[in-house]
Amino acid sequence: MSNDLIALAGNPNAGKTSLFNAITGARQHVANYPGVTVERKEGYYSHNGHDLHIVDLPGTYSLTAYSPEELVAREVLTTAQPRVVINIVDASNLDRNLYLTLQLFELGIPVVIALNMMDVAEGRGMEIDVVQLSQKLNVPVIPTIARSGQGKEELLTVASRIAREGAGSLSPPQIPYGPDIDPVLQEMEEKISAAGLLTAFYPARWTALKFLESDEEVVARGRATAPELSAELEKMVAKVSEHLRKTLDTYPEGIIADYRYGFIAALLKSGVLKQKHEADRLYLSDRIDRVLTHRLAGPLVMCVLLYGLYYFAFTFSDIPVKWLQDGFAALGGVIESNLAPGLLRSLLVNGVINGVGGILGFVPIIIFIFLGIAFLEDSGYLARAAFMLDRVFRTFGLHGNSFMAYIVGGGIAGGCGVPGVMATRTLRSSNERLATMLTIGFMNCGAKLPVYALLIGAFFAGNKPQMMMLLTLISWSMAFLVAKFLRTTVLRGPNTPFLLELPPYRLPTARGLAIHTWERSWLYVRKAGTVLLAVSILFWALMNFPRLPESKKAAFDAQRRALAAGPAWQVKGVVAKGTDGTASAIDAEEAREALRYSVAGRMGTALEHITHLCGFDWRTNVALVGGVAGKEIVVSVLSTAYSMGRTGDRKNIPLGALLAADPAWNPLVAFTLIIFTMLYVPCVVSVVCLAKEAGSWKWALFSVVFNTTVAFVMAVLIYQGGRLLGIGI
Ligand code: GDP
Ligand code: MG
């Protein structure tokens, strides 16, 4: 059976992902922000027994070689050679969107236009003559509403017919580039055809245009395959460039772009597009923008929204969090009453239920935060935030596109550094990109949230949203300062401009919100059930072996016998210090001893030599070592460590309450631990991802050492400062 490749191409936000999902049924990230789709996404669809293989190209405005997306899109179009390109065009934004269409025409692959967002165009009072548009461009044009799947069937019917039978007589017009360019273009095209230069990949005219546009990639390929011909072509380009510079003070690229826009403007004016009336919607969007992106009101609104989001998340999650924690405690109780004491019971109760349950207990908070973020994103607000923050980013040597990478990495809380690092692919300058990548680790990813939730709940219960807001400010400030530091030292270089189109505000659909929230939450839960489960078990083992030697066990047994023989005061001196002399206290003391004796205990104790400077005891140290695998593990290890020493009536107390009651803990220690967790080495997976994306282990290693140093210095400053001032102790 044949398997025809169809590519989806279009501007960012034209609805590619929506259409792709409507066709393949795959659920994916649908972000209302230009440039997040950098990955190549593929899907399959069977249409009337004809198998189609569909690839979703990155959203681009153009096919020059300026950005990674453009390069990826071009690469797929020219090397994978799809049978058809479905070009998704935003009908409400025709003039800008058709710019890409014209370039697709020049690639020589049959094009089918999906005229998307027809509902939006109508709402704005635009009347598009689809038949005329199709006739003038001489390609099929099918109106669609990707969000509801409308028009999808017809689009696929046409696309699959062309994939099978070819475009036939449908061939788009050749765009004229005027008296200066056209003759040279013609001549170059002939030379390229005759020599067969790169003709296996590109049409000759396209290659000629790329030479005229001084496209680095194509020129380099030309030089490598045919140095002499390339030199000749470059000479021709130099001549026309010189001429244009003298006569019109411009470059060939400028002329080419002008003619393309001119072609589109003429096409639309010729009767294809009629504007009935300026719709209220547009005015409304503009009016909202006047407030939301106002120089003073804008940032204020942003803070209020953020605070509102945290307030909402913490308030509404309180009850389900309690249910879950009670549920896990009950589950532990069931196992304890049905299994004899021993390693298996300890593994299940301490390792699995306390370890993983400790993390899962906080999932409701995460779900609520994700819901809030999905709302901000789908409504188009995040694009405004990026727009407002662009100047701030610039000040610190970052780029407007860094914003989305930060958000994906947990800028609002609850993201993940791995997709965050990938999202930096939208940055053109490698220094800005590196600076962004290296600071994403400071964002409050979903893994840090259980740690925050635990400690905030235990020590700052009265100020949950305020604390979360404070932590967000701290993490952004640290990211900015470190970015600035990097950009003035190892990553020096100029800033690149930021172009962002503000999409109109849209009321998010319940379904869209549900899908986004579900996808992200599910990834989170799945991680807890797989990787984190494995690491929790590993750390349980590290905390249980080696077991206490027989001689020590015998000493505890002696205490228990002594206790059974008479009241506690009679065995003074035998009972260990710090216990109240009851049997359960002896058990607890033995468990604590055993924990200290284990591999993990020794490791943690050894680290105390340095960590006493920031108030961390050996159990916290073990937790932090575990946290390198994933920061949720900090909670999981603390939970296991404290549950192992727990007996009798203290068994069902949640970890937060145990910490709050423990003399070694106080708000200052808790806050120091929160900040350390926020800043220290990114988790293993994101370090690996960073190495891959940065193209060298050097930067990954740098982030490990650098972040941990920053975290330690900050932790010591906070802890010692707090003690000196007597705050939180
Ligand atoms: P992409 O960037 O090209 O992948 O675009 P998306 O598929 O992510 O769509 C961007 C936004 O436009 C999302 O909020 C979609 O829900 C919305 N959208 C997509 N197609 C339509 C449509 O036909 N009509 C309307 N009203 N909204 C749409
Ligand atoms: Mg997309």
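We count ligands from 1, going down the list as the structure has it; atoms in each ligand are counted the same way. Start at 1 with the first residue, then count along the sequence.
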**Item:** With sequence neighbours excluded, residues passing ring-ring contact (aromatic ring centres under 6.0 Å, His included) with Y406
**Value:** F393, W476
**Message:** Applying a heavy-atom cut-off of 4.0 Å, say which part of N11 lies close to ligand 1: side chain, backbone, both or neither.
**Reply:** backbone
**Message:** At less than 4.0 angstrom from any non-hydrogen atom of K16, what atoms of ligand 1 do you find?
**Reply:** 1 (P), 3 (O), 4 (O), 5 (O), 7 (O)
**Asked** Heavy atom of I88 under 4.0 Å from ligand 1?
**Response** no
**Prompt:** Which value, rounded to the nearest 0.5 Å, describes the distance between S160 atom OG and L52 atom CG?
**Reply:** 5.5 Å
**Prompt:** Can you find a non-hydrogen atom of A14 under 4.0 Å from ligand 1?
**Reply:** yes
**Request:** Provide the number and element of each atom of ligand 1 under 4.0 Å from a heavy atom of S18.
**Result:** 6 (P), 7 (O), 9 (O), 15 (C), 19 (C)
**Prompt:** Distance only, no hydrogens: is a donor on one side chain within 3.5 Å (strictly under) of an acceptor on the other, for H53 and D4?
**Reply:** no
**Ligand-residue contact atoms, ligand 1 with V120, heavy atoms, under 4.0 Å** = 25 (C), 26 (N)
**Message:** For the residue pair Y202 / R221, report whether a side-chain donor-acceptor contact shorter than 3.5 Å exists.
**Reply:** yes
**Asked** Any N or O on M118 sitting closer than 3.5 Å to an N or O of ligand 1?
**Response** no
**Asked** ligand 1 versus I145, non-hydrogen atoms closer than 4.0 Å: side chain, backbone, both, neither?
**Response** both
**Asked** Any side-chain donor paired with an acceptor under 3.5 Å for S18 and R147?
**Response** no
**Prompt:** Regarding H399 and T436, is there a side-chain donor-to-acceptor distance under 3.5 Å anywhere?
**Reply:** no
**Prompt:** What ring-ring contact (aromatic ring centres under 6.0 Å, His included) pairs are there with at least one residue in residues 69-94, not counting sequence neighbours?
**Reply:** none
**Prompt:** Which option out of T17, T144, L507 puts a heavy atom nearest to atom 4 (O) of ligand 1?
**Reply:** T17
**Request:** Taking only heavy atoms of D119 into account, list the atoms of ligand 1 that are under 4.0 Å away from them.
**Result:** 22 (C), 23 (O), 24 (N), 25 (C), 26 (N)
